[in-house]
Amino acid sequence: MTLLQELESRLAAALTATLGEPATAAVTAAADLRFGDYQSNAAMVLAKQRKTNPRALAQEIIDHLDLTDLATADIAGPGFINFRILPSAYAARTASLIRDERLGVPATGAGKTVVIDFSAPNVAKPMHVGHIRGTIIGDSLARIARFLGFKVIADNHIGDWGTQFGMIIYGWNQFLDEAALTADPITELVRVYRKVTSMKEDPGVLDACKAELVKLQAGDPENLAIWQKCIDVSKAGLQKIYDRLDVRFDHWHGESFYNDRLAGVVEEFIEKGIARESNGAICVFSDGTKPKEDDPFLVHKEDGWTDNPAIIRKADGGYLYATSDLATIQFRIDEWKADHVWYVVGVPQQLHFRQLFDAAARWGKTGDFQHIQFGSILGDDRKLMRTRSGENVGLVEVLEEAVERAAKAIAEKNPELQGEEAVKISEIVGIGAVKFAELSQGRLTDYVFSWDRMLALQGDTAPYLQYSHVRIRSIFRKLDAPFDATTAEIHLKEPAEIHLARLLVRFGEVLPTILEDFRPNLLANYVLELARAFHSYFEACPVLKADEPIRSSRLALCELTSRTLKQGLYLLGIEVPERM
RNA sequence: GCGCCUGUAGCUCAGUUGGAUAGAGCACCCGCCUUCUAAGCGGGAUGUCCCGUGUUCGAAUCACGGCGGGCGCACCA
């Protein structure tokens, strides 16, 4: 049980005693340390309902409150109940955390399976900075869910099928430079693809592309072979980026994986009356579903008739995005037995997902489907970055620059680090900076891409966090004898060490809340606070020079901080170096 | 036209879901390295929370109406 839960449980007992009937109320971390460690507005809420004086009610609650060995409570302001945790209680808590592999984090996801669909780039198109967001947020959510006990299936639903292959195959046949393909397959594929897109105006070219696509979809062996080759080199290129980002997938079930299921899905939709023909296309309208009537996404206000159908088969018989996504849902629910399916995909696709989830529900595929949307990365013109416009900053380019800047900083700040070690640390620091810049931000806000913003190494950044870990490791390197933190007694006296303990204890409270709204930035905020607390502690409380038993106590706190920080950063996908 | 997201310090952003005197970082000023790594610590200045009305003990947060920015609305993904 976390400290917060412990307080809630004791408060519930007091409320029940006060009111003479079962009652519970929320406790939250105090907004300001002046008010204590935790607070509850239970008295104010209840007094409102009962039309009594909130402060008087708060006093009554406190009279019934048993906080033995845990905290003190007092009334403040309009009727807040403020809790101050006893240092001895913090000491007991931290001591037990040191012996806890899970660092106090409850397994809230145990027994549940979640499929997380993220990154999902199109093959044969370069990944630009716009792709980084979904990839990093998705990976972080996967790590967090896994640590919370979920069975996580990370699935990279790559765009490996569809109209763009007409152009790619046409380009492959017309313009491919075999030597260039061997040397740098991705670059060559991208060059070919861009060349063809630039020629789209030419109706002859367009028709030729369509013809290639039709041949591919009909199973033409030659085109299939080209397609397969494209997929292979693209995957290899993507894998390199993922390796560098330390992003892992359990599966790469791209769109092509579902090809042979699409016809069946459409048939079933028609048969069950969920989809019907309109202007030659097969569409899923949301008419006939009463509960959806006031859903602005799906229903036309004036006549109750939907004007935003999801098209699952084109008039020419071709299948679309929505079709393969439905087949994907079927697979994830039926084969993978998913309880939750989370789509980490940008805001612009929200209508698609509303339609998709609506269609899936009527199809009888039940589960918790979430479109975890994120804001857009804008160009200097404040417009959305597009894959098409080509001049966007490439993802690899950003990583290169980040690592280069980190290397420069290392050369300047710690010239002792040389050779391979310096290279390795530059990588960890540079990549970490990029990831943290993304994760520390609210998921929904749009922002204009800026090198300095994404690659900053000062202030609230990954290097600041990594540096706190480095300082801890430095203490342990200076230790003369092995230290066993699990048997150490914790003594808390200095404000800086109490504050550090306060935050360490909160790790298990913060983590589960992240998945309530899918906000990794809450974890980013937490680790920043923790690192800040550690830096202050480091300055204020000498460790190695302290006398026993304080020395052991402080060492143990360092050990726990190190582990919590490392775990927190791991969940954000950020590595920590031993020195920097 | 309909809908979604968004607007907070000079800049970039948080704000624990309705709580107390709205917080960080950058930039700026002052102080701290013969003591565990100064990528650090301590201190200082900075606000029409876009505007208006409403809901109530209490609003940056909720509702309604405006304004600005981004995006989506039938055979692309």
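Below, chain A is the first sequence line, B the second, and so on; all start at residue 1.
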What does the list of N/O pairs under 3.5 Å between the protein and nucleotides 56-61 of chain B look like, with a distance for each?
unit_1	atom_1	unit_2	atom_2	d
B:G58	O6	A:K48	NZ	3.4

**Basic-acidic side-chain contact under 4.0 Å: A:R34, A:D32** = yes
**Prompt:** Does a nitrogen or oxygen in the side chain of A:Q355 sit under 4.0 Å from OP1 or OP2 of B:C73?
**Reply:** no
**Message:** Contact between A:Y537 and A:E494 at the side-chain level, heavy atoms closer than 4.5 Å - yes or no?
**Reply:** no
**Prompt:** Does A:K210 pair with A:D316 as a salt bridge, N-O distance under 4.0 Å?
**Reply:** no
**Minimum-distance pair of heavy atoms, taken over all atoms of A:P520 and A:L572** = O-CD2, 4.0 Å
**Request:** Flag the pair A:R506 and A:E529 as a salt bridge only when some basic side-chain nitrogen lies within less than 4.0 angstrom of an acidic carboxylate oxygen.
**Result:** no
**Message:** Check this one for me: any side-chain N or O of A:R453 less than 4.0 Å away from OP1 or OP2 of B:C13?
**Reply:** yes
**Prompt:** For A:E539, what residues pass the salt bridge (charged side-chain N to carboxylate O under 4.0 Å, His left out) criterion, not counting sequence neighbours?
**Reply:** A:R471
**Under-4.0 Å side-chain N/O to phosphate OP1/OP2 contact, A:T445 with B:A14** = yes
**Request:** Using both distances under 3.5 Å as the test, list the Watson-Crick or G-U wobble partner of B:G31, or none.
**Result:** B:C41
**Prompt:** Does the side chain of A:S536 get closer than 4.0 angstrom to OP1 or OP2 of B:G42 through an N or O atom?
**Reply:** yes
**Message:** Does a side-chain N or O of A:N521 approach OP1 or OP2 of B:G15 to a distance below 4.0 Å, or not?
**Reply:** yes
**Message:** Could you tell me the Watson-Crick or G-U partner of B:G72, where both distances fall under 3.5 Å? Say none if there is no partner.
**Reply:** B:C2
**Asked** Does A:R579 have a side-chain nitrogen or oxygen under 4.0 Å from the phosphate oxygens OP1 or OP2 of B:C36?
**Response** no
**Request:** Quickly work out the A:R382 CZ to B:G7 P distance and round it to whole Å.
**Result:** 12 Å
